[in-house]
Each structure stands twice: as structure tokens, then as C-alpha cells.
2 protein chains.
Amino acid sequence: MKSFIAKQYACPVEYTLTLIGGKWKPVILWHLANDGIKRYGEIKKLLIGITHKMLSQQLKELEADGLIHREEYHQIPPKVEYSLTDKGKTLIPILQLMCQWGQENMEHI
Amino acid sequence: MKSFIAKQYACPVEYTLTLIGGKWKPVILWHLANDGIKRYGEIKKLLIGITHKMLSQQLKELEADGLIHREEYHQIPPKVEYSLTDKGKTLIPILQLMCQWGQENMEHI
DNA sequence: CTGCATCCCTTTAGATACTG
DNA sequence: CAGTATCTAAAGGGATGCAG
């Protein structure tokens, strides 16, 4: 999942999934898509069960892939806000489709 | 990724990704969507680099999740054919969207 | 040809502690 | 409040051999 390493993809779907796949990334993107700008701490409260380390890591990767924007305010205490970039916003239809499909199918578990 | 274990999902997207996420599943589904019925060996030839173990595992999980159908012919040598179920076919739009998004964005790497 | 089991190594993620 | 580093436990995936 190290986005900066050159890699060969057999299929574009595989590439897309390296950017938005995984346990946390889609949920992070989903919240930013719905709520716009969010602070680090706010995101952490929304993602029940995520560890501090994981959230930092995921946000860092999403930023490196140009999907989210990181705005840092140099204050004490620090304050950092995250939001979707234009590229990130183009993923919303995909997230919506997956969300819809999940809702329609997961109830039969 | 053990699909038969009860699990809580914070978001339907997460559930969807446990079914179609990962390195191989979307590609397998993609090929079955395009070509219809395929034999085990044919799929293996299409997925460059996949190991024997991985393919068996992924196919088994996809079958357990009701996304693909497994038709076994009791012959010597054995012959097994795989195809999408109706449920599996409902995923095609999602795969198409992800494929399209990947094509439009991965060229800028 | 297709599938399962085992061994083993690599990768990933959780817990904890520390910095600005 | 936000982020980093380290250590460790657990999961993932490759290679190989055996079975129907």
C-alpha cells in the first residue's frame, strides 16, 4: 500500500483499490465527502476502533495520493483540518455505489 | 477476509470491500463478467503471477459469498467451471466504475 | 487438472511511549 | 492536539508435496 513505490497493475481496478481499499480509507473518504472539512480528532471519533497510528498512516497515504488536502495551523495546541481534493471528489460516485450495494446485500448475512 | 465469520461493519462500503477487495478478486470477477464461464486453468493463465494456493482460496471465498458459481465435473482429469451468479452480476457496474476511474487516473503516476 | 495441507517467511496492525 | 518511533503479535502469502 506504499503509494510512492512504482508498481505494475494488471488492471485499473487494482490501482483504484490500492488508493481507496482497505479497512479505513473508504470510511474516511466517505465522512469527508459528507461533512466537508474535518479535524483530525473529529475523524478519530467517527472511526470507532481505529488506532492513533493507523489514522495518521491512512491520512498520510491519502494525502500522498492526492485524494485529500491537509491544512495545518501552527498553533499550540495544534490543529489540522482535512478535506477532499477535486480528485478525491471524483471518487464519490464509486463510494456511493459500493455503499448502496452493501446496504442491499449485507442484511442477508 | 473469512467471510463466514460474523462481523460488525461500521459502513456498508466496508462490507462490500471484504467481498470484492484485495489483489485478485476484482480481476477474477472482471474476467468472469467479460467471458462468462471459465475453467480453473483458464483463470490461472489470465492472472499473471497468482499462485495455485491463492487462486483456490479466492475462488472458494467468492463462492462462499455467493458471487460465483462452481460447477464440478466428476471426470479424470477433473474439470471445474466458474461463472458469475446473479448476485455477482450486480457488482459489474461497480467494477466498471472502478476500472474507468483507474484508467483515467493511473496514467499520471 | 484441480484442490488441500503444511511449513516458513514477510507484511501488517496493535500497544506503548515520546516529541513539538 | 497531532504526529512519530519502536517493539511485538498476528495475519497474509509463497513454495512444496500429497490426494482424488
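All values below were derived from every heavy atom in this structure, side-chain atoms included, with hydrogens, water molecules and symmetry-related copies excluded. Lettering of chains follows the sequences in order, A, B, ..., and the numbering in each one begins at 1.
- In this structure, A:Gln57 places its CD atom 11 Å from C1' of C:dG14, rounding to the nearest Å.
- Judged as a salt bridge (Lys or Arg N to Asp or Glu O under 4.0 Å), not a single pair has a partner in residues 92-102 of chain B (not counting sequence neighbours).
- At its two ends the helix from C:dC1-D:dG20 to C:dG20-D:dC1 runs along axes set 40° apart, each axis drawn from five pairs and the angle rounded to 10°.
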Could you pull out all donor-acceptor pairs under 3.5 Å where a side-chain atom in residues 39-48 of chain B meets a protein atom, sequence neighbours excluded?
| from | atom 1 | to | atom 2 | distance (Å) |
| --- | --- | --- | --- | --- |
| B:Tyr40 | OH | B:His52 | O | 3.4 |
| B:Tyr40 | OH | B:His52 | ND1 | 2.5 |
| B:Tyr40 | OH | B:Ser56 | OG | 3.4 |
| B:Glu42 | OE1 | B:Arg39 | N | 2.7 |

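- Contacts classified as salt bridge (Lys or Arg N to Asp or Glu O under 4.0 Å) and involving residues 27-36 of chain A (residues at least two apart or in different chains) are given here: A:Asp35-A:Lys38.
- Shown for residues 34-45 of chain A: no residue has heavy atoms falling under 4.0 angstrom of DNA chain C.
- Here the rule is side chain to side chain contact (heavy atoms under 4.5 Å, CB included) with B:Leu62, and of B:His69, B:Gln57, B:Lys25 only B:Lys25 fits it.
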Per-nucleotide protein contact string for nucleotides 14-20 of chain D (B base, S sugar-phosphate only, - none; heavy atom under 4.0 Å): BB----B
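- Residue contacts shown for A:Tyr82 are limited to sugar-phosphate atoms, with no base heavy atom under 4.0 Å away.
- Separating the CD atom of A:Glu72 from the P atom of C:dG20 is a distance of 14 Å, rounded to the nearest angstrom.
- Applying the ring-ring contact (aromatic ring centres under 6.0 Å, His included) rule to B:Tyr82 yields no partners; only residues at least two apart in sequence or on another chain are considered.
- For B:Lys87, there are no salt bridge (charged side-chain N to carboxylate O under 4.0 Å, His left out) partners at least two apart in sequence or on another chain.
- Remark: A:Asn34 CG to A:Leu29 CG distance equals 11.0 Å, nearest 0.5 Å.
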If you restrict it to nitrogen or oxygen atoms, what contacts under 3.5 Å exist between nucleotides 8-10 of chain C and the protein, and what is each distance?
none

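- Here B:Thr51 pairs with B:Lys53, B:Met54 under the side-chain contact (heavy atoms from CB on, under 4.5 Å) rule; sequence neighbours left out.
- Spacing between atom OH of B:Tyr73 and atom P of C:dT2 amounts to 12 Å, rounded to whole angstrom units.
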Check the interface with nucleotides 8-10 of chain D: list each N/O to N/O pair with the protein under 3.5 Å, or write none.
none

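- Distance check: B:Thr90 OG1 to A:Trp101 CH2 gives 5.5 Å after rounding to the nearest 0.5 Å.
- Looking at A:Glu14 and A:Leu17, their side chains never come closer than 4.5 Å, going by heavy atoms from C-beta outward.
- Here the C1' atom of nucleotide D:dG3 and the NE2 atom of A:His74 are 13 Å apart, to the nearest Å.
- To the nearest angstrom, C1' of C:dC4 lies 14 Å from CG of B:Leu59.
- Atom pair A:Glu61:CD and C:dT12:C1' shows a separation of 11 Å (rounding to whole Å applied).
- Residue pairs satisfying the salt bridge (Lys or Arg N to Asp or Glu O under 4.0 Å) criterion with at least one member in residues 66-81 of chain A, sequence neighbours excluded, are listed as follows: A:Arg70-A:Glu72, A:Lys79-A:Glu81.
- As rounded to whole Å, 16 Å separates atom C1' of D:dG3 from atom CD of A:Gln75.
- The separation between A:Arg70 atom CZ and D:dA2 atom P is 10 Å, rounded to whole Å.
- Counting all heavy atoms, side chain and backbone alike, B:Gly21 lies closest to B:Pro26 at O-CD, 4.0 Å.
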